[in-house]
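Below is one structure, written out as structure tokens, with a few remarks after it.
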Amino acid sequence: MTDSRLSRRNFLLGTSAVISGALLAACGPTAPQGSTAPAATGGEAPAPSGEDVELIFHSRLGSHADWHKQRVPLFEEQHPGVKLAIDEIPGEEMYPKVYAMAASGTVGDVVWTYLNNPPEHKTRGVMIPLDDIIAAKGYDTSVFWPSLLEALSLDGQLHAIPNHAHYGTIVLYYNKTMFENAGIDVPTPDWTYEDMTAAAQELTNAPETWGIRLSGGGQEHIPSYLRTFGGDLLSPDGTRSLLAEPNSRQALQWMYDMRFTAEADPCICGTDTRENFVAGNVGMFNTTPGLIAEFGRVPDWSFEWDATVFPQGPDGMRGSQVSGAGFCVTGNSANPNEAFDVTAFYATQEDGIEHVFGGAGSPGGRFDCWESDQLAEMHGIFRQISETYPEGPEPWYRPANGRTSEFVDTMNNNLQLLWAGEIGFDEGVELVHELCQEVLDNDPI
């Protein structure tokens with residue numbers, strides 16, 4: 001476990017480690033038409049005696065790959081005769097590079113995947129079904145959240161083993177010192193969205209201080225808001241936009257009013273929210289649990305911060321959406337059984353807990369990680385989330401035609417017109433909905 005500490009100044013200068021799967025999947029070369037990945041049988045012959053099996057794991061450059069490299073000696077100790085190399089690829093280059101290698105037959109054995117990417121990964125030969133290997137090894141998948149397994153499955157078969165994951169944009173980070181100085185009670189799990197709105201207004205002293213910052217775009221963020229009000233972004237089958245449905249519209253109206261009526265959020269744009277919060281200029285901001293570990297490693301805060309679950313919606317609902325990553329075995333791997341062992345090694349309870357302390361993001365997508373005493377000692381939010389969502393997070397829906405990047409870009413660009421006040425609310429919601437539906441109605445990629 002690493003023990004590095006970040007200075008507040010360097011933290012402010014840092015960029016977000018979260019890169020959307022939709023962005024990573026864009027611009028990759030197209031695989032030959034009709035190409036398919038070979039089926040995994042789990043019965044490949046072992047390597048010749050005395051000859052090491054060499055595996056390549058294409059991981060994301062930065063804290064994640066750093067953690068994976070740190071664990072290689074332990075993996076090799078537990079798997080004699082297997083050598084593991086970590087190929088570190090910058091996030092924005094990962095999928096174009098991996099797809100190019102897959103097309104040329106040079107891709108390695110294990111590849112990182114986000115929840116949007118399995119359809120394209122399979123089409124390009126970057127992932128194979130794992131059910132036969134799982135059955136042969138007697139591997140237990142019941143420890144993972146059902147919604148996470150569902151998102152990593154295609155045609156009823158699991159195609160990747162979950163790694164780090166979270167419940168979506170469900171955490172309210174707050175400046176406890178600012179609340180206390182203003183004489184306002186700090187947020188609690190019993191808060192409603194009306195309580196949050198009132199506190200945000202009272203804390204706002206524009207343009208120096210804003211009461212709240214919301215995340216007004218992105219497939220990882222928007223569904224959590226919509227579901228808190230009983231709406232959603234997509235139908236479960238990924239064929240219909242639900243942005244104009246009454247409950248979804250109510251959620252968007254609340255977000256819109258947070259800027260134009262309460263005047264407590266400067267833009268609903270999500271830009272620099274973390275940096276503004278760390279600088280002490282924001283009372284609350286709403287995002288995923290992924291910053292808990294990072295914030296805990298900043299040594300010189302100018303104020304006391306804390307976090308709680310996002311408030312309840314009008315009918316007591318709390319929206320969530322599973323989000324995270326998994327590791328898949330490629331169709332090019334000559335050793336799929338050993339490659340599977342890599343995915344399983346980085347999916348244990350131990351790894352899912354320890355990589356949080358190691359700076360590699362959210363915990364593992366397993367019930368026993370989020371319920372662990374170790375994470376509860378780091379911050380109470382982990383167990384609080386687990387108790388608030390005992391069944392795990394709600395599902396991740398993706399466009400049925402595979403046009404995820406196009407759909408998300410269309411949604412983001414047109415929501416910004418709404419948040420910027422360049423179009424009226426009713427007209428803006430209809431526009432976003434209609435344009436997103438046009439994308440969903442296009443032919444599959």
| request: Any chance you could lay out the side chain to side chain contact (heavy atoms under 4.5 Å, CB included) test for L226 and L243, step after step, and finish with the verdict? | output: CA-CA 8 Å; L226 302 183; L243 282 163; 4.0 Å; yes

| query | What about the rings of W112 and F327, do their centers lie closer together than 6.0 Å? | reply | yes

| message | Does the plane of the ring in Y256 sit parallel, tilted or perpendicular to the ring in W419? Use 30° and 60° as the thresholds. | response | tilted

| message | Does any part of the side chain of W210, heavy atoms only, come nearer than 4.5 Å to the side chain of N281, both counted from C-beta? | response | no

| request: Give a yes or no answer on whether the side chain of N412 reaches the backbone of G217 with a donor-acceptor pair at less than 3.5 Å. | output: no

| message | Less than 6.0 angstrom separating the ring centers of F229 and Y225, yes or no? | response | no

| request: Could you tell me if the ring centre of H68 sits under 6.0 Å from that of H355? | output: no

| Does the pair T192 and Q312 meet the rule for a side-chain hydrogen bond (donor to acceptor under 3.5 Å, both in side chains), with working shown? | CA-CA 5 Å; T192 65; Q312 304 169 62; over 6 Å; no

| said: Under 3.5 Å, is there a donor on one side chain and an acceptor on the other for W191 and T308? | reply: no

| task | Using the side chain to side chain contact (heavy atoms under 4.5 Å, CB included) rule, take V110 and T343 through it: C-alpha gap first, then chi angles, then the decisive distance, then the call. | result | CA-CA 8 Å; V110 179; T343 72; 4.0 Å; yes

| message | Between the side chains of E430 and R249, is the shortest nitrogen-to-carboxylate-oxygen separation below 4.0 Å, so that they form an ion pair? | response | yes

| said: When you compare the side chains of D257 and Q253, does any donor N or O come within less than 3.5 Å of an acceptor on the partner? | reply: yes

| query | When the ring centroid of H379 is compared with that of F295, is the distance short of 6.0 Å? | reply | no

| Verdict with reasoning, S362 to H166, per side-chain hydrogen bond (donor to acceptor under 3.5 Å, both in side chains) | CA-CA 6 Å; S362 296; H166 59 76; 4.7 Å; no

| field | S104 side-chain N/O to A100 backbone N/O, donor-acceptor pair under 3.5 Å | value | yes

| Have S63 and D66 got a donor and an acceptor in their side chains that come within less than 3.5 Å? | no

| When you look at M196 and I212, which way does the side chain to side chain contact (heavy atoms under 4.5 Å, CB included) test go after all the steps? | CA-CA 9 Å; M196 181 170 59; I212 195 167; 3.7 Å; yes

| task | Using the side-chain hydrogen bond (donor to acceptor under 3.5 Å, both in side chains) rule, take W67 and S59 through it: C-alpha gap first, then chi angles, then the decisive distance, then the call. | result | CA-CA 10 Å; W67 175 254; S59 184; over 6 Å; no

| query | Does the side chain of W396 pick up a donor-acceptor pair with the side chain of N116 at under 3.5 Å? | reply | yes

| Quick one: are L154 and P119 in side-chain contact, heavy atoms under 4.5 Å? | yes

| Are D272 and R213 ion-paired here, with the side-chain N under 4.0 Å from a carboxylate O? | no

| query | Are any non-hydrogen side-chain atoms of L130 and I161 less than 4.5 angstrom apart? | reply | yes

| task | Please assess Y139 against F340 for the test ring pair (Phe, Tyr, Trp, His ring centres under 6.0 Å), listing each intermediate value before the final yes or no. | result | CA-CA 10 Å; Y139 184 72; F340 178 88; 5.2 Å; yes

| query | Does any non-hydrogen side-chain atom of F382 lie less than 4.5 Å from one of P363? | reply | yes

| Below 4.0 angstrom, N of the basic side chain to O of the carboxylate: do R366 and E371 qualify? | no

| query | Between the main-chain N or O of G421 and the side-chain N or O of R259, is there a donor-acceptor pair closer than 3.5 Å? | reply | no

| query | Checking side chain to side chain contact (heavy atoms under 4.5 Å, CB included) for the pair Q416/E422: CA distance, chi angles, key distance, verdict? | reply | CA-CA 9 Å; Q416 283 308 312; E422 297 180 18; over 6 Å; no

| task | Before accepting this row, confirm whether a basic side-chain N of the pair D443/R403 lies closer than 4.0 Å to the acidic partner's carboxylate O. | result | no

| request: Please tell me if the side chains of L115 and L152 come closer than 4.5 Å, counting only heavy atoms from C-beta onward. | output: yes

| task | Identify the two heavy atoms, one from V171 and one from N286, that lie closest to each other, and give their separation to 0.1 Å. | result | O-ND2, 2.9 Å

| query | Are any of the side-chain heavy atoms of F407 and L233 separated by less than 4.5 Å? | reply | yes

| Between F285 and F277, how do the two ring planes meet: parallel, tilted or perpendicular, split at 30° and 60°? | tilted

| request: Tell me whether the centres of the aromatic rings in W370 and Y167 are closer together than 6.0 Å. | output: yes

| said: Salt bridge or not between K69 and E88? Use side-chain N to carboxylate O under 4.0 Å. | reply: yes

| field | Side chain to side chain, D155 and K122, heavy atoms closer than 4.5 Å | value | yes

| said: Quick check on Q157: does its CD atom have over 12 non-hydrogen neighbours (other residues, nucleotides or ligands) under 6.0 Å away? | reply: yes

| query | Under 3.5 Å, is there a donor-acceptor pair linking the side chains of Q321 and S224? | reply | no

| said: Using a 6.0 Å cut-off, check whether atom CZ of R240 has over 12 heavy atoms from anything other than its own residue. | reply: no

| remark: Residue pairs passing the salt bridge (Lys or Arg N to Asp or Glu O under 4.0 Å) test with at least one member in residues 221-239, sequence neighbours excluded, are R227-D232

| query | Would one find more than 12 heavy atoms of other residues, nucleotides or ligands at under 6.0 Å from atom CD of Q78? | reply | yes

| field | Heavy-atom check, side chain of E120 versus side chain of Y95, under 4.5 Å | value | no

| query | With no hydrogens and no angle check, is any side-chain donor or acceptor of S153 less than 3.5 Å from a backbone partner on G156? | reply | no

| If only atom types and distance count, is the side chain of D368 paired as donor or acceptor with the main-chain N or O of Q349 below 3.5 Å? | no

| Which of parallel (below 30°), tilted (30 to 60°) and perpendicular (above 60°) describes Y99 and H121? | perpendicular

| message | Under a 3.5 Å cutoff, is there a donor and acceptor pairing between the side chains of E438 and N442? | response | no

| request: Would you kindly say whether N332 and T330 are connected by a side-chain donor-acceptor distance under 3.5 Å? | output: no

| query | Going by the angle between their ring planes, with limits at 30° and 60°, are F57 and Y346 parallel, tilted or perpendicular? | reply | tilted

